[in-house]
Amino acid sequence: MALSPRARKAALLVHVTTSVGWLGTVAGFLVLAVTGATSGDPELARACYTVMGVVGWAAIVPAALASLASGVVSSLGTPWGLFRYYWITIKLAITVIATAGLLVHMQPISHVAALAANPAWDASSAGGLRSLLILQSVLALLALVTAITLSLYKPPGRTHYGIRRLAQQRTS
Amino acid sequence: MADAGDPQSARTTPSVQSRRPRWVTAFIVAAVVIIALVVVAHLTGVMGAGMH
């Protein structure tokens, strides 16, 4: 399924845009999580957690899914493939795990947002969830920066499958 | 996942080798350590208490 040069550029454009968007929204999410957990102003904390629920569903989840889909299309539509090079395989694993983790952890995010929307909300009712949200954001940032670093440096190394494919191409 | 361009001309070309690169091993070790730390933090209640 080789893409034309124009389609390849378009897929890459979508992939880079959504990946960078994902990183940016997670960075914003981290700022909100830290502010919500450390602010002495209950109204500011309430606003942060309410916005986090909206940002999670409206920006981070769509960016993650679009990044994953466009990345798979870009890889399968070019000679790079998905499993021929270690850096692409690892980047795929990072993206899949990060997306799955995001979808799973949208539950506590939504839970805190619902708590914050309650007029009787007390910041202490969120308990350890506040630190969990910070941890999630830091881990997500770490994963995304790692994925972007892999894309830029493309560290060498073919997988066993990649070596076999290369040998087949040379003999055919 | 991949970038535009021809991978045959990229830095990855000279690395046709059967051994797993050291950076891959280092990455896997780091990932396992981080995942273990997160699991321990969850199990000990350092993170996530109050979710239920």
Side-chain angles (χ1 to χ4, degrees), chain A residues 5 8-9 11-12 15-16 68 70-82 84-95 97 107-108 111-112 124-132 134-136 139 142-143 146-147 150-160 162-163 166-167, chain B:
Chain A
R8 181 189 289 195
K9 280 284 183 191
L12 182 62
H15 183 57
V16 171
L68 176 60
S70 59
V72 170
V73 169
S74 284
S75 291
L76 293 178
T78 65
W80 287 100
L82 267 182
R84 297 180 189 182
Y85 296 88
Y86 280 111
W87 74 267
I88 295 177
T89 304
I90 289 177
K91 188 168 172 243
L92 174 66
I94 290 173
T95 308
I97 292 171
Q107 181 197 352
H111 180 66
V112 174
S124 60
S125 64
L129 277 177
R130 292 178 297 181
S131 51
L132 176 67
I134 295 173
L135 176 69
Q136 287 173 5
L139 288 176
L142 185 64
T146 302
L150 287 174
S151 293
L152 282 177
Y153 286 92
K154 298 181 179 57
R158 285 179 189 264
T159 61
H160 295 294
I163 293 172
L166 183 64
Chain B
M1 304 300 142
D3 201 347
D6 182 6
Q8 303 303 328
S9 61
R11 288 182 55 209
T12 47
T13 301
S15 60
V16 179
Q17 55 190 15
S18 57
R19 273 187 62 230
R20 179 192 293 154
R22 272 190 296 183
W23 73 266
V24 175
T25 305
F27 175 87
I28 292 171
V29 170
V32 168
V33 169
I34 290 174
I35 291 170
L37 288 175
V38 171
V39 169
V40 168
H42 272 285
L43 292 179
T44 56
V46 175
M47 297 286 173
M51 182 173 161
H52 301 292

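Note on naming: letters A, B, ... go to the chains in the order of the sequence lines (proteins, then strands), and numbering restarts at 1 for each one.
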Q: Specify the closest pair of heavy atoms between A/Tyr86 and B/Pro21, including all atoms of both residues, with the distance to one decimal.
A: CE1-CD, 3.2 Å
Q: Examine whether an atom of A/Leu152 lies under 4.5 Å from a heavy atom of chain B, and if so say whether it belongs to the side chain, the backbone or both; otherwise answer neither.
A: neither
Q: Please flag which part of A/Leu76 lies under 4.5 Å from any non-hydrogen atom of chain B: side chain, backbone, both or neither.
A: neither
Q.
Is A/Leu142 close to chain B through its backbone or its side chain, or both, or neither, when contacts mean heavy atoms under 4.5 Å?
A. side chain
Q) Measuring heavy-atom distances to chain A, does B/Ile34 have an atom under 4.5 Å in its side chain, in its backbone, in both, or in neither? A) side chain
(Q) Heavy-atom cut-off 4.5 Å, strictly under: side chain, backbone, both or neither for A/Thr146 against chain B? (A) side chain
